[in-house]
2 protein chains.
Amino acid sequence: MADRPYHHGNLRAVLLDEAQRTLREQGVEQLSLRDLARQAGVSHAAPRRHFHDRQALLDALADAGFARLADELCAAIADASEDYEARLRAAATAYLRFAIDDGALLDLMFATKNASGPTALPASATRLFTAIGDLISQGQEVDALPPGDPARLRLLLVATLQGIAALITSGRADPGQSHDLIADTVALFTRDRH
Amino acid sequence: MADRPYHHGNLRAVLLDEAQRTLREQGVEQLSLRDLARQAGVSHAAPRRHFHDRQALLDALADAGFARLADELCAAIADASEDYEARLRAAATAYLRFAIDDGALLDLMFATKNASGPTALPASATRLFTAIGDLISQGQEVDALPPGDPARLRLLLVATLQGIAALITSGRADPGQSHDLIADTVALFTRDRH
DNA sequence: ACCTGAACACCGTTCAAGT
DNA sequence: ACCTGAACACCGTTCAAGT
């Protein structure tokens, strides 16, 4: 209800929202701080208070992306039946839906890190990895997955999901193939078990 | 031996070479047509004869990348022993070495396609996919891989390799873990066989 | 056929100054 | 604490003109 004559009061959130929309509709290349400022009706230097530079904006987008993906994955698993294969399939489906809907964002989340030292992963990325790790451990407990170091199996599952996503977002595979790819992935990880 | 006073004669190749080096050492963001022209000692508008725009340069880089990756993969497979698991391991190792050495290039090769219509894949990408498809078919013939549509299994293997590569280039996994990841991948695809 | 030079519109980034 | 306005150095892209 503010007229925001000078202080916007909400600028950071507005910029992030606009950025997510532009990212989805136009891709990373088209994402410009000046353009975002323009859309928010604010001077071109204003965003600097909230994002030190363009990379900081991209980092914030990636962070929010990890948080949302973790949420959607957990929700999908929670909604699935007790059957382990169904839970695994639900998780994979949620991951790939995210990839199809927000491919540019997912690319950003797994983009080459700038060589600015051994920066720790964002907490939201850890949440995603933890959720998938829990799913792996659960599968091993019910003997639906092969035994062995759960961290290694988790990494392999994340890699497989991310790889399928990369094939789809890059146009090397059609979104229509994702159903088959999910089925094959579940079969590969749970083969000869139950 | 030319003094190249006006016509460079070799500009396209020089630009591509410089671009590959910059890509490896500085990343895509730092890749600029003007800078490349400067390094080649040529006017900033000269590259336009050879690359219509920046995207055309990136496409050419990706194309050359696919060709080189296909070569390295074929060479690694040819050098491996007759044992099928060894061949699969050799292929995966070559793929991940490429990812570790030229992560930015691999990112480029699997970057989101610009929405400029249903462009056909470059022939070099097809060569890579064909090489991996042959490896899959061979594995099914000797019963080292599960039966089923070889195209689907091929897509899944490419996805797994590309996913591991993405985890490594993004810093989500350490290059030191690639050996374990390769072993786990081979075990997953060949489990309970021979 | 290939390259130059000037020009245009757009960036990211910085910094004094305003409220 | 947050935002403005001018300034700087850099892009990609275009196009007439040169060789």
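Numbers restart at 1 for each chain; the letters A, B, ... are given by sequence-line order, proteins then strands.
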Residues pairing under ring pair (Phe, Tyr, Trp, His ring centres under 6.0 Å) where one sits in residues 59-111 of chain B, two or more places apart or in two chains, turn out to be B:Phe66-B:Phe110
Residues of residues 44-53 of chain B with a heavy atom under 4.0 Å from any atom of DNA chain C, listed by number, are B:His44, B:Ala45, B:Ala46, B:Arg49, B:His50
Ring pair (Phe, Tyr, Trp, His ring centres under 6.0 Å) pairs touching residues 135-185 of chain A, sequence neighbours excluded, are none
In whole angstroms, the gap separating C1' of D:dA1 from CG of A:Asn10 amounts to 16 Å
Residues 18-54 of chain B vs ring pair (Phe, Tyr, Trp, His ring centres under 6.0 Å), sequence neighbours excluded, gives none
A:Asp35 CG to C:dA9 P, in whole Å, measures 17 Å
The complete set of salt bridge (Lys or Arg N to Asp or Glu O under 4.0 Å) pairs with one or both residues in residues 167-180 of chain B, sequence neighbours excluded, reads A:Arg152-B:Asp180
For B:Asp71, the side-chain contact (heavy atoms from CB on, under 4.5 Å) test, sequence neighbours excluded, returns B:Arg127
Within residues 24-34 of chain B, the residues having a heavy atom closer than 4.0 Å to DNA chain C are B:Arg34
Whole-Å distance, B:Leu15 CG to C:dC2 P, equals 13 Å
Tested for side chain to side chain contact (heavy atoms under 4.5 Å, CB included) against A:Leu33, the lone hit among A:Asp53, A:Leu15, A:Leu57 is A:Leu57
Residue set satisfying side-chain contact (heavy atoms from CB on, under 4.5 Å) with B:Ala104, at least two apart, ordered chain then number -> B:Leu23
Rounded to whole Å, CZ of A:Arg38 lies from P of D:dG5 at a distance of 14 Å
For B:Ala64, the side-chain contact (heavy atoms from CB on, under 4.5 Å) test, sequence neighbours excluded, returns none
Ignoring hydrogens and geometry beyond distance, is a side-chain donor-acceptor pair present between B:Gln55 and B:Asp59 at under 3.5 Å?
yes
Atom CZ of B:Arg54 and atom C1' of D:dC10 are separated, to the nearest Å, by 13 Å
Residues at least two apart in sequence or cross-chain that pass side-chain contact (heavy atoms from CB on, under 4.5 Å) with A:Thr93, listed by chain then number, are A:Arg89, A:Arg97, A:Ile182
Stems with DNA chain C, 3 or more Watson-Crick or G-U pairs in a row (under 3.5 Å), are C:4-8 with D:12-16, C:12-16 with D:4-8
Separation of C:dC11 atom C1' from A:Leu36 atom CG, nearest Å, is 13 Å
A:Leu11 CG to D:dC3 C1', in whole Å, measures 9 Å
Residues at least two apart in sequence or cross-chain that pass salt bridge (Lys or Arg N to Asp or Glu O under 4.0 Å) with B:Arg34, listed by chain then number, are none
